[in-house]
Amino acid sequence: QVQLVESGGGLVQAGGSLRLSCAASGRTLSTFALGWFRQAPGKEREFVATINWSGSWTYDADFVKGRFTISRDNAENTVYLQMNSMKPEDTAVYYCAAGPFTGWRLPTRSSEYNYWGQGTQVTVSS
């Protein structure tokens with residue numbers, strides 16, 4: 001089992017920044033990729049970014065390139081999502097997820113992730 005707890009969501013003005021945290025615990029985390037997804041009201045859950053546990057591989061969705069950065073702190077078993085230059089369309093519930101990493105490719109589909117956090121609300125005002 002893997003437990004994931006997100007924090008850091010809130011209300012921010014357009015152009016502002018937030019940093020989300022995902023504290024992970026449980027089984028051998030080195031075999032997992034940690035990803036961020038988001039879901040806006042009335043929309044499907046969409047992939048944001050992912051990282052392998054060593055941090056040597058990352059992959060971002062096109063819509064966040066240059067604005068969001070995923071990183072990890074192994075000492076704290078925590079993965080972060082730094083969000084800059086935020087837009088109202090970034091408003092969503094953001095979820096942290098963990099899924100097996102085979103070493104061939106980072107998972108980007110929600111079906112590839114086995115464990116999910118409870119989500120944290122991010123609201124960007126215009």
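We use all heavy atoms of the structure for the numbers below, so side chains are in, but hydrogens, waters and symmetry mates are not.
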**Q** Applying side-chain hydrogen bond (donor to acceptor under 3.5 Å, both in side chains), can you list everything that pairs with Ser54, at least two apart in sequence or on another chain?
**A** Asn52, Ser56
**Q** Filter on salt bridge (charged side-chain N to carboxylate O under 4.0 Å, His left out), then keep only pairs touching residues 114-126, sequence neighbours left out; what's left?
**A** none
**Q** Please collect all salt bridge (charged side-chain N to carboxylate O under 4.0 Å, His left out) contacts where either partner lies in residues 112-126, sequence neighbours excluded, each pair once.
**A** Arg105-Glu112, Arg109-Glu112
**Q** How would you list all residue pairs meeting disulfide bond (SG atoms under 2.5 Å apart) that involve residues 33-78, not counting sequence neighbours?
**A** none
**Q** Can you name the side-chain contact (heavy atoms from CB on, under 4.5 Å) partners of Ser30, sequence neighbours left out?
**A** Thr28, Trp53
**Q** Tell me, please, which residues at least two apart from Ala98 pass side-chain contact (heavy atoms from CB on, under 4.5 Å).
**A** Val2, Leu4, Phe32, Leu34, Tyr115
**Q** Apart from Leu106 itself, which Ile, Leu, Val, Met, Phe, Trp or Tyr residues share its cluster (side-chain heavy atoms under 4.5 Å, direct or through members)?
**A** Phe37, Phe47, Trp57, Tyr59, Val93, Tyr95, Phe101, Tyr113, Trp116
**Q** What pairs with Ser25 under side-chain hydrogen bond (donor to acceptor under 3.5 Å, both in side chains), at least two apart in sequence or on another chain?
**A** Gln3
**Q** My understanding is that only residues two or more places apart in sequence, or in another chain, count here; which of them pass side-chain contact (heavy atoms from CB on, under 4.5 Å) with Lys43?
**A** Ala40
**Q** Under 3.5 Å, side-chain donor or acceptor atoms of residues 5-16 against the rest of the protein: list the pairs with distances, not counting sequence neighbours.
**A**
residue : atom : partner : partner atom : Å
Glu6    : OE1  : Gln118  : N            : 3.0
Glu6    : OE1  : Gln118  : NE2          : 3.4
Glu6    : OE1  : Gly119  : N            : 2.9
Glu6    : OE2  : Cys96   : N            : 2.7
Glu6    : OE2  : Gly119  : N            : 3.2

**Q** For Arg38, check side-chain hydrogen bond (donor to acceptor under 3.5 Å, both in side chains) against everything at least two apart and list the hits.
**A** Glu46, Asp90, Tyr94
**Q** Got a sec, which residues hit side-chain hydrogen bond (donor to acceptor under 3.5 Å, both in side chains) with Asn84, two or more places apart in sequence or on another chain?
**A** Ser17, Gln82
